[in-house]
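Everything below concerns the one structure shown next.
Every chain is numbered from 1, with letters handed out A, B, ... down the list of sequences.
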Amino acid sequence: MPELPEVEVVKQSLNLKIKQKKIEKVIIKNRNLRFKIPLNFEKVLQNRLIKKITRFSKYIILNFSDGSFCLIHLGMSGTIHLLQKNSLNKFTNTSFYNSSELPKKHNHVVIKFKDSKIIYNDPRRFGFFKFIHNKKELDYRLSHLGPEPFSKNFNLKYLMNYFLKKKKDIKSFLIDQKFVSGIGNIYASEILFLCKIHPKSVAMKLSKKNCKKIISNSRTVLNKAIKSGGSSIRDFKNISGRNGNFQKKFRVYQRGDLSCSRNKCNGKIKKIFISNRSTFFCNSCQK
DNA sequence: AAGAGGCCCTGATAGC
DNA sequence: TGCTATCAGGGCCTCT
């Protein structure tokens, strides 16, 4: 669920709240995330100063002052909550998420600072925390990822060349992080709707014009989503982004059987499965 | 090389 | 009421 825009919103919030803070203590309540958190993780992070928080694709990166990093992935259901000490020295939830109450279950990781702490909650445990020693190791860890949609490397030449012998459908490539990184299942459908391209279109058969559309609409959709604070779907009580409003602007995602919202289009939104992932498109204007 | 499929996990929901 | 089945999907893995 957290795709590039949601992760970007969390990153921005973290930069406002925990930049230049020193980690006083780390508490792991459950090590069994996507990758097992090693036993020395708490000690390794302790006393490190967070210089800044950056993001690549769907990864959040804590940049420490000594050149090391902590790589964080939210998986599908990961959320980060911030608690700050009030004047009575009690922690109050000033979360990045709407829920005024901290979730009771699945609070796996706690990182404490002098006056605040962040809590990582993840019911499905598809996310992870990983300590990275230096820039070289970070680059290696992320080296399998394709360019972000915003990158100048995500250009017409790159697409045309990449698609040369690709017989698979375009929708699968949009969510393939090796091709382009940051787009997930929700935004893939939204992007193709704006392009008027059918999700099952064979990649190698796409015209230059359509490749250009894919590039520009990927950027458009993700930028709009970031400006709307990301998308919040399904569990509105707990996972709803504080400013997450983009779900209200979905043109096709989760709109199966509804009429197409495009001007003068009489089509209907259809839901199909591509590689076991739900995919939404208009049966009239997406060719 | 490319593509298909499976697995990890919990919670919400549907159907009986 | 309580049971079971299905779906949600990001990343990584294996197999052909």
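For the pair A/Gln254 CD and B/dA12 C1', the computed distance is 12 Å after rounding to whole Å. Distance CG (A/Leu142) to P (C/dC12): 10 Å, rounded to an integer number of Å. Atom pair A/Leu74:CG and C/dG10:C1' shows a separation of 11 Å (rounding to whole Å applied). The CZ-C1' distance, from A/Phe179 to C/dC12, rounds to 20 Å in whole Å. In this structure, the CE atom of A/Met76 is 11 Å from the P atom of C/dG11, given to the nearest Å.
Among the heavy atoms of the strands, none lies under 4.0 Å from A/Phe128. Here A/Arg125 lies in heavy-atom contact (under 4.0 Å) with sugar-phosphate atoms only. Among the protein residues, A/Lys271 comes within range of the sugar-phosphate backbone only, with heavy atoms under 4.0 Å from sugar or phosphate atoms but none that close to a base. If you check every strand for non-hydrogen atoms under 4.0 Å, A/Ser172 touches nothing.
Sequence order on DNA chain B of the closest nucleotides to A/Lys168 and A/Lys105 puts A/Lys168 first from the 5' end. The nearest heavy atom of DNA chain B to A/Arg34 and to A/His106 marks one nucleotide each, and the one closer to the 5' end goes with A/Arg34.
Residue A/Val44 is grouped with residue A/Ile60 when hydrophobic side chains (ILVMFWY) are merged at heavy-atom distances under 4.5 angstrom, including chains of intermediate members.
No hydrogens or angles were tested; on distance alone, nothing pairs the side chain of A/Arg124 with the base of C/dG10 as donor and acceptor under 3.5 Å.
Nearest to the side-chain atoms of A/Tyr59 among the listed nucleotides C/dC12, B/dA4, C/dG10 stands C/dC12. Comparing C/dC12, B/dG3, C/dA8 by their nearest atom to the side chain of A/His144 picks out C/dC12.
Using a 30° and 60° split on the angle between ring planes, A/Tyr162 and A/Tyr158 fall in the tilted class, from 30° to 60°. In this pair, A/Phe179 and A/Phe163 present their aromatic rings tilted. The plane angle is within the 30 to 60° band. In this pair, A/Phe41 and A/Phe129 present their aromatic rings perpendicular. The plane angle is above 60°, beyond the 30 to 60° band.
Nearest heavy-atom pair across A/Glu3 and A/Tyr187 is OE1-CD1, 2.7 Å.
Between A/Lys165 and B/dA2 there is no side-chain N or O to OP1 or OP2 distance below 4.0 Å. The side chain of A/His73 places an N or O atom within less than 4.0 Å of a non-bridging phosphate oxygen (OP1 or OP2) of C/dG11.
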